[in-house]
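Quick notes on the structure that follows.
As the structure lists them, so they are numbered: ligands from 1, and atoms in each ligand from 1. No hydrogens, no waters, no symmetry mates; every other heavy atom, side chains included, goes into these values. Owing to the predicted nature of the structure, the values given are computational and were not obtained by experimental measurement.
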Amino acid sequence: MPDQPAAIAAVHVVPHVAEAVADGAPVVALESTIFTHGLPRPRNVEVALEAEEHLRAAGVVPATIGVVDGVPTVGMSAEQITGLAATDGIDKASVRDLPVLVALGRHGGTTVAATAFLAHAAGVRVFATGGLGGVHRGASESFDESADLPTLATTPIALVSAGVKSILDIPATLERFETLNLPVVGYRTRRYPGFYVADSGHEIGFAVQSPAEVAGVLRARDGLGLAQAVLVANPVAADAQLPPDEHDAVLARALAAAEADGARGNAATPYLLDFIQRETGGRSLEVNVAVYRGNVALAGEIARALTTG
Ligand code: PSU
Ligand code: MN
């Protein structure tokens, strides 16, 4: 076992999560931006609570992470999840926002970056999300690259995602993974997934075949004294994906609309996701939910594999 990170005073780890971590029991971190910004009501809260239920049924302790009244919380209660999911105007919280939210006593839906940071601070080793942030299109002009990337480069967890959404610049994102020393392994594939579609059209170096193999990669990382995340790319099932030609057409319209409406910076991702959802008549939402379920299930299996063997 790697050394536990030192407890950080301002981070509240609820007792049953702290106990599970101390006992070496399987724990999976879940982000809150997915229900504060990523999914519409009322699906947001249903999906968030269902993910927790799925993990519990699989013998894994879920730890939903967010900022509640200025307290970064690892292991939000169902009431806290329901409350944040129903509140308007919650801040989307990346790592840089945490000190401000703590000092001002505000709520925050934590992004992958902030969730990974807090999960690691609590000693949680596996984290499931839907899609990871990345390099935005036009980043060579705008410099818009998600803080998810540099944060993951210094945060030793396993992150299960379905890749990055095609609203981003996928090849540039893959280049940045390389620069940042972030290992990417495809789950039973060497094609990098494109979130809504199982294959983004880009190849990655390695495939792993089982949760035990992912656990082996994590142990090897720790044994080497490396401290970056391992990115596990888990494609949506082919029969649950958005039909690729429909996906390409709606994506083109979404990008044009964002440009016209000036949706940039951290508003770009929610804008584009919302547009795609409306234009696909909610089908992208069903794909999003299927993707997330698959990632939560795999993360649970990886967390269990880490506790054995
Ligand atoms: N990708 C998605 N859905 C999301 C996000 C990303 O498919 O909700 C969220 C995640 O919380 C991710 C964040 O960490 O957006 C990245 O935002 P930005 O590009 O502003 O860093
Ligand atoms: Mn950004």
Side-chain angles (χ1 to χ4, degrees), residues 29-41 43-44 47-48 51 64-67 84-85 90-98 108-119 127-153 155 157 159-170 172-173 176 180 182 192-197 200 229 231 233-236 241-242 247 251 254 258 262-277 280 284-296:
L30 302 169
E31 64 156 307
S32 43
T33 294
I34 195 162
F35 60 83
T36 59
H37 293 74
L39 297 171
R41 297 175 194 149
R43 284 312 286 284
N44 61 347
V47 168
T64 297
I65 296 178
V67 183
L84 257 66
I90 301 256
D91 292 303
K92 174 176 160 183
S94 193
V95 175
R96 70 162 182 170
D97 304 302
L98 293 174
T110 48
T111 63
V112 167
T115 304
F117 169 79
L118 294 169
F127 169 16
T129 188
L132 174 59
V135 179
H136 286 260
R137 291 166 187 256
S140 62
E141 291 291 316
S142 68
F143 283 75
D144 192 355
E145 172 184 329
S146 177
D148 291 354
L149 271 54
T151 302
L152 291 168
T155 306
I157 54 161
L159 177 68
V160 182
S161 77
V164 300
K165 283 193 178 135
S166 41
I167 58 175
L168 302 176
D169 184 337
I170 295 179
T173 301
R176 290 290 292 153
L180 293 166
L182 281 163
Y192 193 63
F195 191 92
Y196 295 124
V197 289
S200 69
L231 306 182
N234 184 34
V236 67
Q241 71 178 344
L242 215 54
H247 163 267
L251 173 63
R264 292 189 202 93
N266 76 352
T269 299
Y271 180 99
L272 291 164
L273 300 187
D274 186 55
F275 183 98
I276 292 171
Q277 191 191 299
T280 59
S284 71
L285 175 59
E286 295 315 312
V287 178
N288 202 329
V289 172
V291 158
Y292 188 56
R293 281 194 186 127
N295 292 345
V296 169

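- In terms of distance to the Mn ion (ligand 2), the nearest N, O or S atom of Asp144 is named OD1.
- The side-chain heavy atoms of Asp97 and Asp91, taken from C-beta on, include no pair separated by under 4.5 Å.
- Under 3.5 Å, the side chains of Ser32 and Thr110 contain a donor-acceptor pair of N or O atoms.
- None of the N, O or S atoms belonging to Glu145 lies under 2.8 Å away from the Mn ion (ligand 2).
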Q | side chain to side chain donor-acceptor pair (under 3.5 Å) between Ser284 and Gln277, worked out | A | CA-CA 5 Å; Ser284 71; Gln277 191 191 299; 5.3 Å; no

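- By the 4.5 Å heavy-atom criterion applied to side chains, Leu132 and Phe195 are not counted as neighbours.
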Once you restrict both partners to nitrogen or oxygen, which atoms of ligand 1 have a protein partner under 3.5 Å, and how far apart are they?
residue, atom, partner, partner atom, Å
ligand 1, 1 (N), Gly131, O, 3.3
ligand 1, 7 (O), Lys165, NZ, 2.4
ligand 1, 11 (O), Glu31, OE1, 2.9
ligand 1, 14 (O), Val112, N, 2.8
ligand 1, 14 (O), Asp148, OD1, 3.1
ligand 1, 14 (O), Asp148, OD2, 2.7
ligand 1, 17 (O), Lys92, NZ, 3.0
ligand 1, 19 (O), His136, NE2, 3.1
ligand 1, 20 (O), Lys92, NZ, 2.9
ligand 1, 21 (O), Ser146, OG, 2.7

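- Proximity of Leu159 to Val112: side-chain heavy atoms (C-beta onward) are separated by under 4.5 Å at one or more points.
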Q: Before giving the answer on side chain to side chain donor-acceptor pair (under 3.5 Å), spell out for Ser142 and His136 the whole-Å C-alpha distance, their side-chain angles and the decisive distance to 0.1 Å.
A: CA-CA 9 Å; Ser142 68; His136 286 260; over 6 Å; no

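- Gly108 and Ala93 get closest at one heavy-atom pair: CA-CB, 4.2 Å.
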